[in-house]
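Below you'll find the structure, written out as structure tokens, and then a few comments.
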Amino acid sequence: MKNSEILELSTEELVVRIGEERASLTKLKFAHAVSAIENPKRITKVRKDVARLTTELTKRKAAPASEKN
């Protein structure tokens with residue numbers, strides 16, 4: 001997922017997407033622990049996507065607080 005795609009999402013969509021990506025990451029980790037998955041780099045990609053989404057959500061929550069000051 002690109003940053004431009006993340007910026008287009010609303011805050012509610014971000015929260016939903018984070019939940020979906022975290023569930024996907026859990027499934028990938030479990031599948032990899034049971035047997036080797038076809039592309040283990042997908043785990044890294046999903047983990048980074050979760051981090052990007054979480055970072056954008058944190059920025060949006062901090063923006064109104066910084067406007068008050």
Side-chain angles (χ1 to χ4, degrees):
M1 173 171 270
K2 295 182 180 181
N3 282 335
S4 60
E5 295 173 359
I6 293 172
L7 293 174
E8 293 174 2
L9 296 174
S10 69
T11 304
E12 293 81 21
E13 291 172 333
L14 274 176
V15 172
V16 170
R17 192 64 185 257
I18 290 170
E20 291 172 354
E21 292 293 327
R22 283 187 175 159
S24 173
L25 180 61
T26 302
K27 288 178 185 177
L28 281 172
K29 284 182 177 181
F30 182 72
H32 188 61
V34 172
S35 65
I37 58 175
E38 189 173 316
N39 187 1
K41 288 189 178 188
R42 283 185 59 210
I43 295 173
T44 304
K45 182 189 175 299
V46 172
R47 193 174 76 236
K48 287 183 179 183
D49 285 344
V50 169
R52 286 185 189 106
L53 290 165
T54 307
T55 300
E56 181 59 29
L57 184 61
T58 303
K59 281 184 192 176
R60 290 185 187 185
K61 286 182 179 179
S66 65
E67 290 175 0
K68 292 179 183 176
N69 294 334

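- Looking only at side-chain heavy atoms (C-beta outward), K29 and H32 stay at 4.5 Å or farther from each other.
- Separating the OG1 atom in T26 from the CD atom in E21 is a distance of 11.0 Å, to the nearest 0.5 Å.
- Interatomic distance, NZ of K48 versus NZ of K41, reported as 10.0 Å (0.5 Å rounding).
- When hydrophobic clusters are built by joining Ile, Leu, Val, Met, Phe, Trp and Tyr residues whose side-chain heavy atoms come closer than 4.5 Å, directly or via intermediates, L14 is grouped together with M1.
- A salt bridge does not link R52 with E56: every distance from a Lys NZ or Arg NE/NH1/NH2 to an Asp or Glu carboxylate oxygen is 4.0 Å or more.
- By the 4.5 Å side-chain criterion applied to Ile, Leu, Val, Met, Phe, Trp and Tyr, F30 is assigned to a cluster that also includes V34.
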- Take R22 and T54 through the side-chain contact (heavy atoms from CB on, under 4.5 Å) test and state the conclusion after the steps. CA-CA 11 Å; R22 283 187 175 159; T54 307; 3.9 Å; yes

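- Rounded to the nearest 0.5 angstrom, E13 CD and I6 CD1 are separated by 12.5 Å.
- Residues satisfying the salt bridge (charged side-chain N to carboxylate O under 4.0 Å, His left out) test with K45, not counting sequence neighbours, are D49.
- Hydrophobic clustering (ILVMFWY, side-chain heavy atoms < 4.5 Å, transitive): L9 and V15 are in one cluster.
- Using a distance-only test at 3.5 Å, with no hydrogens or angles considered, a donor-acceptor pair links the side chain of T55 to the main chain of A51.
- The hydrophobic cluster containing L25 does not contain L53, counting ILVMFWY residues as joined when their side-chain heavy atoms lie under 4.5 angstrom apart, directly or transitively.
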